[in-house]
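The next block holds one structure in the form of structure tokens; read it before the comments.
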Amino acid sequence: MTQLLLASQSSGRAAMLRAAGLDFETTAAHVDEEALTASLLAAGQTPRNIADALAEAKAVKISSRLPGVTVIGADSTLALDDGAMLTKPESPEDAAGHLRRMAGARHRLFSAAVAARDGAPVWRAIGEAKLWMRPLSEAFIADYVAREWDSIRWTVGCYEIEGAGVTLFDRVEGDPWTIIGMPMLPLLAWLRATGLAPS
Ligand SMILES: Nc1nc2c(ncn2[C@H]2C[C@H](O)[C@@H](COP(=O)(O)OP(=O)(O)OP(=O)(O)O)O2)c(=O)[nH]1
């Protein structure tokens, strides 16, 4: 039985752990993110704290049924500078609407990771990236969404920064791993310190 489990269906997250040479398995967390997000927003929580809470919920839920296993949960949230929080698009039309709202403005992307053992959080980190999306024409948005829908439908910002998302931005501050979905640098430092990654 593995000692490290990623409670995520995100292909990008698993790819980052694989690239780091880690020995891990994955499972879906099956946390009701929509309900939890709605209740946290209603309670006035920030997108940053919502990412942290969702990552913890995923890690704690799975670890509570796997004694002794270190479970990593993760979550990413996107905050527009007007305070609104965008979630994954439900349709190509939804994605076009998100891009219209982000175009010509800055947004922040928070990626939280929480490690849990035996149902309790034992480590956490939150990464923040700032992204300035350039103004986008309607024709560009329509063509981009038509071409990229199959991949961007799974992303909180309607882009894969390591893919065609590069065409959307004037400027990005923050590390690419945070944008793709996890604060990998602090996570790897902790995994090395706990013997779960080669040091
Ligand atoms: N490959 C890639 N993925 C991105 C990028 N930006 C955001 N994402 C993905 C990472 C996550 O899969 C998704 C954010 O949604 P969530 O944090 O709720 O995770 P998701 O539901 O996909 O998986 P999980 O809850 O971990 O099973 O957006 C990017 O630039 N590249």
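Both backbone and side-chain heavy atoms feed into the values below; hydrogens, waters and symmetry mates do not. Whatever order the structure lists ligands and atoms in, that order sets their numbers, starting from 1.
Contacts of Arg100 classified as side-chain contact (heavy atoms from CB on, under 4.5 Å), with partners at least two apart in sequence or in another chain: Ala96, Glu138, Ile141.
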Side chain to side chain contact (heavy atoms under 4.5 Å, CB included) for Thr37 and Thr77? Distances and angles first, verdict last.
CA-CA 10 Å; Thr37 299; Thr77 56; over 6 Å; no
How far apart are the C-alpha atoms of Leu99 and Leu168, what are their side-chain angles, what is the distance that settles it, and do they pass the side chain to side chain contact (heavy atoms under 4.5 Å, CB included) test?
CA-CA 9 Å; Leu99 290 164; Leu168 302 176; 4.1 Å; yes
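Using a cut-off of 4.0 Å between Lys/Arg side-chain N and Asp/Glu carboxylate O, Arg48 and Glu128 are scored as not salt-bridged.
Closer than 4.0 angstrom to ligand 1 sit non-hydrogen atoms from Ser8, Gln9, Ser10, Arg13, Glu33, Lys58, Ala74, Asp75, Ser76, Lys88, Trp154, Thr155, Val156, Tyr159, Glu160, Ile161, Glu162, Ile179, Ile180.
Using a 30° and 60° split on the angle between ring planes, Trp190 and Trp123 fall in the parallel class, below 30°.
Within 6.0 Å of CG in Asp81 there are more than 12 heavy atoms belonging to other residues, nucleotides or ligands.
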